[in-house]
Amino acid sequence: MDFEIRADEPLSLSEELDENGFPITSSDDDEAESTSELRSGNHDRPYKLSEFASDFYTSGSDYTSLVRNEKKNGLLVQKNLLQMWGIAKSEVAETSESRVCTENRKRKWRGKEQGDVFGLNQIKNEKGKKPAHVQSRSCPFYKKIPGTPFTVDAFRYGAIEGCSAYFLTHFHYDHYGGLTKKWCHGPIYCSSITARLLKICLSVNQSYICALEYDKEYEIEGIKVTLIEANHCPGAALIHLQLSDGRTYLHTGDFRASKSMHSHPILLNYHVNVLYLDTTYCNPKYRFPSKEEVIAFVVRTTRKYLQKQPKTLVVVGAYSIGKERVYLEISRSLQVPIYTNASRRRILESFGWSDLSSRLSNFSHSSPLHVLPLSCLRIENLNKYLATLNQRFNAVLAFRPTGWTFSEATGSNLDLIKPTSKGNITIFGVPYSEHSSFNELRDFVKFLRPDKIIPTVNASSLESRDKMQSLFNNWLKS
DNA sequence: GCGATCAGCT
DNA sequence: CACAGCTGATCGC
């Protein structure tokens, strides 16, 4: 594979930046448009069922999660969750719950058609126009690194002019979106965990994947590159770049700033000219506790419930990757294995963390600690789930860990959190965040003292950009 | 028929 | 709301 950049191609991707870190030549309108397009969500799926099935054969761990699909010549496909729990049959999911869900969807869809006979045509027309529109969709400026042939987390724009190295900060959908097994636009640089996930989950051609170790300096296209652990999800990295002309950039990807970063040799020893910053919670109202405090609360609460009701099933919700420490700490302190389905188990095992791997169990009845997709943590779902476990448990205690789960009222006193509960099902939303809180963000910026900051989140509206910029100016004033 | 992408939703 | 997706429908090959 030849990734050489042709000599006549421009090396610089972006225009010069103004004092606020925005390109001088791009008008706010244009930029807002392209950014809102980006954020309006065009999503691909991380897994394709048929692919999963074929992968599954080679992974060889849990065939009970596969089901024959007669419509596909008896090919094995991954069961859906209700099927896995034995609630739904393989052909048509006809439980009351699943029927209700499908019917709701159908009704909404029908409602649209009935309400507006021309609605469908309009949709079609819009869709018909879409290709041209889609083609015009271009990579937002903040994903391009000026003075380099690099882009960051920009895979949904096809080949990007002038880009000969595509960086991926971490394996979350909104960052790798657009990456498929057909990727052929250039080398992808990422951490080794992210690299493994690209291979096993997306079947990206290995010849395009370039794994980099943390804290090791590489020279890529004449630029010195170092990845730093981002304290986000497994494999997440900050990208530190030193151009040959002396300019230094730091792209945080998604990260949770911490005091320990303040003593990282690279962050300590280089002045950063431009900081591309994860500004997810860049608002003083976001003041959630540390991960450790939240984990302590989760463990404490689990102990309390188990004491009251020893046959309690503890459930932790999680997306594809992230939040591992929540269930890892429950597992450690209660001395119980972690059950999760084969798909997630394969992903968790790919991290190569022996402590986590050794705690994973493939038998749901043997462990009182289960990890389920966040979307499953609803009262009715958990009730049905409980019923599939044959009286092994008689209550469910579930945790949804997300940064959005916080309220001004509870503040830092986690014990004030009120769960939603019905019957023997209890669900706690806990403010376990893998993004920086407002204060952590402020402290990080005050420590780093960059010349310019480019927000990479909440940057689509002029108001929020202005708001953030004035915060930055304040932080850097003294 | 299949994978990629879309709108709508949480 | 956003997070980081999930689902069914539709499009392109």
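Reminder, nothing fancy here: chain letters follow the sequence lines and each chain counts from 1. In what follows, every heavy atom counts, from backbone to side chain, and hydrogens, waters and symmetry copies are set aside.
One can place NZ of K181(A) at 14 Å from P of dT5(B), the figure rounded to the nearest angstrom. Distance NE2 (H232(A)) to C1' (dA2(C)): 13 Å, rounded to an integer number of Å. One interatomic measurement links the two molecules: NE2 of H435(A) to P of dC1(C), which rounds to 17 Å at whole-angstrom precision. Separating the OH atom of Y286(A) from the P atom of dA2(C) is a distance of 9 Å, rounded to the nearest angstrom. As a whole-Å value, the separation of F171(A) CZ from dC3(C) C1' is 17 Å. One atom, CG of N283(A), and another, C1' of dC1(C), lie 11 Å apart when rounded to the nearest Å. As a whole-Å value, the separation of D174(A) CG from dT10(B) C1' is 15 Å. Rounded to whole Å, the distance from CD on E434(A) to C1' on dC3(C) is 11 Å.
Across all strands, H175(A) comes closer than 4.0 Å to no nucleic acid atom at all (heavy-atom distances). S433(A) comes within contact range of no nucleotide atom at all, as no heavy-atom separation falls under 4.0 Å.
With dA4(C), dA2(C), dA4(B) as the candidates, the nucleotide lying closest to the side chain of T180(A) is dA4(B). In the set dC3(C), dA4(C), dA4(B), the nucleotide with an atom closest to the side chain of H172(A) is dA4(C). Here dG3(B) is the nucleotide among dA2(C), dC6(C), dG3(B) with the atom lying nearest to any side-chain atom of K182(A).
Within the structure, salt bridge (Lys or Arg N to Asp or Glu O under 4.0 Å) contacts touching residues 424-441 of chain A (residues at least two apart or in different chains) are R256(A)-E440(A).
Remark: E292(A) CD is packed, more than 12 non-hydrogen atoms of other residues, nucleotides or ligands lying under 6.0 Å away.
Of the N and O atoms on the side chains of R345(A) and T340(A), not one donor lies less than 3.5 Å from an acceptor on the other residue.
Close to dG5(C), at under 4.0 Å from its OP1 or OP2, lies a side-chain N or O of S320(A).
For F155(A) and H185(A), the ring centers are positioned 6.0 Å apart or more.
Within the 4.5 Å cutoff, the side chain of Y157(A) has heavy atoms near those of the K143(A) side chain.
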